[in-house]
Structures are given as C-alpha cells and as structure tokens.
Amino acid sequence: MTQPVGRAVPRVDGVAKVTGAARYAADRTMPGMLHGALVLSTVARGEITAMDLSAAAAAPGVVAVYNHTNAPRLTAGYGGPPPMQNSTVNTNGQIIGYVVAETLEQAQDAATLITVTYGSQRTPQTFIRDAPDAVHVPQNQELVVGDPQAGLAQAEVTVTGHYTTPTHHHNAIEPHAIVAYWEGDRFTAHISTQGVSGSQRSLSGAVGVPAPNAHVICEYLGGGFGGKTSAAAGPYAQYTVAIARLLRRPLKLVVTRAQLYSIIGQRAEYQADVTLGARRDGTLTSLIHVGTQQQGRGSEQLYNPNRSVQRLYGVPNLHTRAQGVQLDLPTAQFMRAPELPAHFAMETALDELSYELGMDPVDLRIRNYTDISPATGLRFSSKYLREAYTLAGNAFGWDRRNPRPGATRDGNELIGWGMATEMHAHDGGSASALVRVGLDGNAVALCGTQDIGTGTYTVMTQVASQALGIPVPQVSFRLGDTSYPAAGGSQSSATVPSVTGAVDKAARAVRDAVVQLAVADAASPLHGLTPDQVGTEYGGLFATADRSRRDSYRDVVTRHGAPVENTATNTNVPGNSCGAVFVEVRVDPRYGRVRVSRIVGAYDCGRVLNQQTARSQVIGGMTWGISTAMMEHTLYDQRTARVVNPNMSTYLIAVNADVPDLDVLFVDRADPVSNALGARGFGECPITGVPAAIGNAIYHATGRRIRALPFTQDKLL
C-alpha cells in the first residue's frame with residue numbers, strides 16, 4: 001500500500017464543493033425560519049438622541065425591531081462592551097439596530113425605514129497621524145538584545161527608512177452568517193467560524209447559558225483569514241442567538257459585504273521605522289524596528305506582531321517595539337500572516353542595505369543567517385532556509401541578474417528582479433480526536449476542528465488512512481462540530497501542528513487494538529502471532545513473515561461484534577516556517593504600470609503532508625501578496641471615519657489576469673521535534689515576503705524606492 005501522507009492526494013471534499021453539495025452556514029434553512037437585518041450607525045462618535053422604529057415595525061412581514069432600548073442584554077462582547085446596550089456610538093458602522101422579518105427582503109427593506117438622530121457628535125480620529133501624542137506601548141511589547149546604539153556606532157553603513165501599510169479588510173468569499181434555533185434551554189448555531197469551540201464559549205457566555213448547552217456547527221467555511229476567529233461569534237451572532245430565544249423561532253442573519261467592513265475588524269494601519277547597521281562585508285551590527293499600529297478605543301491588543309523581525313536574522317544588537325494608537329475605528333483583528341506589515345518593512349530595508357553595500361540581496365541574507373533565535377537565544381528545532389534560497393534562486397535564474405537598477409529592458413518595459421525571505425511563526429496548542437473502525441471495515445475520524453479551505457478534510461483523512469493501513473476512500477474525516485472531541489481554532493497556522501498528532505495517535509491505537517483482537521482470536525489466520533509480527537495495508541492485516549496469512553479489519557471487527565474506537569489528545573509546540581520568494585516585474589514607465597510576470601518560491605515547512613494542498617496554500621499566499629502589494633487598501637473619510645470603498649468594485653483585489661504562472665518548491669524535510677509527523681504550521685508563510693519582493697523588483701527595474709503599500713501607479717509616475 002502506497003503511503004498516502006506526502007502524496008498529492010486530491011481533495012476529498014472537492015466533489016461536494018464543485019457540485020454544491022457542501023452546505024455552508026447561510027445554506028441552512030428550517031421550517032418557520034425568520035431573517036435578520038442589521039442597522040448600523042452613520043457617525044463615529046456621538047449619542048443616539050432619537051431612533052424612530054415605528055415605520056419599520058409596521059412594515060409588511062416584520063416580526064420585531066430592536067435597538068438599545070429593547071435589545072436583549074448580553075453578558076459578554078467582542079473587543080469591548082457589546083453595542084446596542086446603550087445610546088453611545090463609538091465607531092461608524094456600529095450595530096445600533098436589528099430587524100427581524102419573515103423574509104430577507106422584508107427585513108432589509110424595513111431596516112431602511114429606521115431614522116436616527118445623533119447628538120454630542122465629535123470629530124473622530126481616523127488615522128495614526130491624527131493622534132501623534134497618543135502612542136503607547138502595551139506590556140511585553142518591547143524587546144532589547146545587546147546594545148543597539150553601540151551596534152550602530154560600530155556600523156560602517158547604516159540605512160534608515162519609514163514604511164507604511166494601510167488598513168486592509170479580509171473579504172472572504174463567504175460572508176459571516178449564522179442560523180440559530182433553541183430547543184428548551186439549549187441552542188444550535190450553524191455559523192461561519194474558524195473555531196467552533198471558541199464560538200461555543202462566546203455565544204453561550206453572551207446569552208448566559210453553560211457552554212455544553214450550545215451546539216455549534218461549521219462543516220464548511222468559505223474563507224476566514226483571521227476575520228472569523230473571535231469576531232465570528234461577535235455581537236451580530238450573539239444577538240441572533242439571543243433574539244431567536246426571545247422569539248422561539250429559528251433565525252438567520254447573513255452579514256452584507258459592506259457591513260463586513262465595519263463590524264468584524266481589519267488589519268490595522270501600520271507604520272514602521274527601521275534602522276539597520278552593518279559592516280562592509282554585510283554583517284549586521286544592529287537592527288532597530290519600531291512599529292506603530294491602530295487600535296480601537298479601550299483595546300490593548302496589538303494585531304500586527306513583529307515576530308519574524310525578532311527571529312529571522314543573526315544580529316547581536318536588536319531592538320523591537322510594538323506600539324499602538326487608539327483611534328475611533330473598530331477593534332482591529334488578526335489577518336492572514338499578521339507579521340506582514342512588520343516583515344515588509346524589514347525586508348525592504350534589507351534590500352536598501354544591499355544596494356548601499358553593493359552586495360547581492362541573497363548573499364546579504366545568507367551572511368546573516370542564523371540557527372539560533374536572537375530573541376530567545378534558543379536553537380531552532382530545524383531550519384533549512386539556505387536550501388530554500390538555493391532551490392528558488394536556481395529555478396528563477398537569479399545568477400543572471402544584472403544588479404544595476406534600470407539596466408534591463410524589453411521593448412518599452414523595464415524588467416526588475418527582486419527577492420525577500422519569508423517567515424511565519426505558527427502556534428502550537430492541543431487537540432483531541434476520535435477514530436473508529438466499524439463492522440464494515442471502514443474508518444471514521446472525528447475532531448472539532450475546522451477546514452478553512454486549507455485542506456484539513458483531506459490531510460487528516462490521509463493521516464488516519466496511513467496510521468490504520470486502510471485506503472483513503474474507506475476513511476472519512478468529520479469536523480466542525482462541538483459534539484466532537486475538542487480542538488483549537490484554525491488560526492496562526494496551528495491546525496496541522498495540533499490536529500495531526502491527535503488523529504495519528506488515535507488511529508494507531510485503534511490499529512493496535514484490532515491487531516490485538518486478531519492475534520487473540522482463534523478464528524483469525526493471525527492467531528498466535530505477537531502484535532509486532534502483524535502489519536496492516538489495504539484494509540487488511542497480514543503476517544509480516546508470511547503475507548499469505550491475512551485477515552481484514554472488517555472480519556476482525558465483525559467477529560468482535562462492536563466497532564473499535566479510541567480517543568487521543570495531542571499537544572504540539574509553536575514553531576516557525578520560512579522560505580524565499582523571487583519576483584520578476586515589468587514596468588511601463590510611460591504609465592507607471594506594473595505587471596508581476598514571474599514568481600518562484602521555495603519553502604521549509606517541515607514535512608509536506610500533501611503536495612497538492614500545500615502548493616495550493618502557496619499559490620494563495622503569492623496571489624494575496626500580489627494583491628497586497630499592488631492594490632489592496634481600505635479608504636476612510638477622515639471627517640466621519642466611514643469606509644468609502646466597502647465593496648469589491650472599489651476595494652480591489654488580484655484576479656486571474658493579475659497573476660502569472662507560479663513556481664512552487666519545497667525543501668520537504670521533517671522537523672525532528674514536531675509530533676505532527678514532522679510537519680510544521682505553514683499556510684500563512686507564503687504571503688509574508690511577497691510585497692517586499694515586488695517592491696524590491698520595482699526598485700531594480702526603475703531605481704525608485706517605494707516604502708508605502710500599495711504600489712499604485714501614481715507612486716511611479
């Protein structure tokens with residue numbers, strides 16, 4: 001039996017998705033189901049002095065209308081006190097009303113009939129520049145190693161730069177949605193979430209029932225990217241559960257695309273000031289990185305970390321500080337590869353340093369390669385970044401690069417080559433899984449994890465299949481249900497590190513139990529052997545010394561008279577995945593137009609469990625990296641703090657025409673400390689360096705350094 005782990009096994013959920021059989025939260029319907037529509041504020045700071053609900057309440061099909069005067073009381077919130085509990089408005093787009101009607105169209109129409117009068121309005125602070133004196137450093141957000149100022153004094157070359165990243169929004173293809181219904185004092189919620197267990201705690205806590213009284217289900221998720229972590233069960237969902245209890249009918253709410261720009265959080269605006277000091281041979285003597293980011297009022301959380309800055313290069317003198325500015329915007333949220341803004345600044349500054357030194361950008365990075373984290377002084381469990389540089393560089397043809405900016409042309413177009421290192425720190429965490437082999441010899445594995453599109457269904461099917469020795473088509477993996485053994489949220493690339501080991505342990509325990517049954521069963525051809533003399537493959541058991549002596553899972557379990565199952569728990573440690581990305585751009589200087597024409601990336605993510613799904617993650621990261629570099633940015637009206645491009649026609653993202661062929665390579669060497677079959681968390685890594693690599697390629701093409709994302713045409717004209 002060919003071992004399934006490591007192969008490009010096609011997605012086991014692929015047919016369900018392309019045929020429409022996969023049911024997402026908003027696909028759920030129930031008899032007597034009501035529909036909800038939200039009403040959002042149109043000012044950022046003020047008080048509701050009057051709110052006329054009468055026209056909405058009298059509209060056809062309307063069942064109930066809620067605002068701060070009659071909304072159910074919530075006992076918990078997201079990012080601060082729940083909205084709609086008093087008349088205070090803190091952000092533009094805050095939830096201030098909830099309309100319930102028999103149909104979606106009736107609810108949405110009635111919501112437009114509500115009139116609101118505001119008082120005590122104040123001018124909001126919308127951008128970091130609006131509050132220059134409000135910068136503060138939350139606890140444990142500053143790291144100093146060695147003497148950074150002394151390191152600068154030792155430097156023969158220094159580079160200083162100011163780098164900016166705008167606000168971004170998640171824009172998952174599936175909007176946030178929930179269907180909630182009650183049975184007695186228990187409720188079920190079908191919700192689009194990256195963490196069914198976290199949503200269970202949030203929703204049950206908000207409505208004041210024990211967590212076991214909440215059944216949360218999310219079998220399929222149409223993208224999350226961090227926007228469906230804690231925000232997935234935020235106030236819009238909490239009110240849906242609470243109102244469904246009041247009305248004693250099922251209730252569905254699907255958040256509109258425009259509303260997603262104001263109620264679930266965003267990647268915070270970010271500014272970084274970076275100073276590098278180096279000797280003439282390229283050895284770094286000092287690295288100083290100070291990052292400032294937007295926060296919501298009253299929030300101490302920083303959602304754009306600088307972990308890659310602290311860990312990637314071997315610098316003896318290091319100073320990093322993450323600081324925030326509280327503004328009149330929604331609380332920020334983690335967004336895929338939250339290190340990206342800090343990483344963009346560092347990788348761009350390193351490229352600038354390479355030109356100051358007259359040194360190849362790859363050679364500069366290799367010169368400062370380290371196997372020991374500067375932040376902790378601890379050795380990485382494994383790190384094959386140098387191999388990634390070689391793999392990607394050779395595939396790209398980097399050795400043919402003319403280092404002089406603006407020297408390479410093709411007709412009217414300037415050709416530029418750039419590169420960057422990529423790194424993402426993944427979380428560890430715990431997960432439990434149950435594996436069961438039935439009387440038919442087929443296996444099922446259950447885990448309360450999620451598949452956010454990354455391939456969890458497929459990879460965990462492979463893991464269980466290999467551990468059992470049962471072919472992939474005879475194994476089913478089920479997830480997204482709080483009635484299954486618990487797992488953490490699918491965030492910070494933590495699903496593979498935590499869930500893999502639990503599934504593998506449980507499956508191996510079931511295999512061992514079935515083998516034990518066989519060797520103890522006088523009716524089995526394997527009777528009398530010791531367990532270590534028995535192997536498994538193709539759904540069967542065989543004597544390793546005489547493969548003609550065979551039994552099957554089906555026959556052994558049938559004779560036993562009951563399914564064989566086991567539940568196991570796994571805890572894995574945090575870690576880091578890394579890689580190198582090389583980019584070619586073509587710039588038409590007549591119009592300032594930039595096209596990304598080639599990307600090659602190579603990655604060290606430990607053992608690759610599925611070549612197809614891992615490659616898919618890289619393609620997604622590269623594509624999003626192009627999008628971040630070239631077009632994505634949220635625009636606010638400074639006077640009102642209102643998003644003015646809350647739709648896909650004005651918040652631009654990369655489409656097929658923007659994306660060239662993408663070349664993906666893997667080092668594919670197991671991490672020795674990973675109990676996820678040698679794999680590390682990886683999914684977010686491939687976006688981290690792409691914006692910097694594109695910017696570095698633009699500089700190589702034009703000689704113009706752009707330190708502010710996105711690289712729009714106006715910055716090149």
Would you call His168 and Thr628 a side-chain contact if the rule is heavy atoms closer than 4.5 Å?
yes
Given Thr495 and Ser490, is the side-chain hydrogen bond (donor to acceptor under 3.5 Å, both in side chains) satisfied, shown in steps?
CA-CA 5 Å; Thr495 301; Ser490 294; 3.0 Å; yes
Side chains of Gln294 and Gln266, donor plus acceptor under 3.5 Å
yes
Classify the side-chain pair Ser382/Arg680 by whether it contains a donor and acceptor separated by less than 3.5 Å.
yes
Below 30° counts as parallel, above 60° as perpendicular, anything between as tilted: where do the rings of [X] and [Y] land?
X	Y	value
His169	Tyr651	perpendicular
His289	Tyr270	tilted
Phe666	Tyr603	tilted

Ignoring hydrogens and angles, tell me if any N or O in the side chain of Lys383 forms a donor-acceptor pair with the backbone of Thr370 under 3.5 Å.
yes
Around atom CG of Asp714, are there more than 12 heavy atoms of other residues, nucleotides or ligands at under 6.0 Å?
yes
Kindly give the heavy-atom pair with the smallest separation between Gly579 and Cys685, and that separation in Å.
N-SG, 4.3 Å
Side chain to side chain contact (heavy atoms under 4.5 Å, CB included) with Val585: of Ile694, Leu414, Ile599, Ile415, only one passes, and it is Ile694
When you look at Arg321 and Asn306, which way does the side-chain hydrogen bond (donor to acceptor under 3.5 Å, both in side chains) test go after all the steps?
CA-CA 8 Å; Arg321 184 167 72 234; Asn306 51 22; over 6 Å; no
Can you spot which of Arg307, Glu339, Arg336 makes a side chain to side chain donor-acceptor pair (under 3.5 Å) with His424?
Glu339
Verify whether the ring centers belonging to Phe582 and Trp398 lie closer than 6.0 Å.
yes
Centroid separation Tyr699 to Tyr355 less than 6.0 Å
yes
Mind checking the CG-CD spacing from Asp351 to Glu356? Nearest 0.5 Å is all I need.
11.0 Å
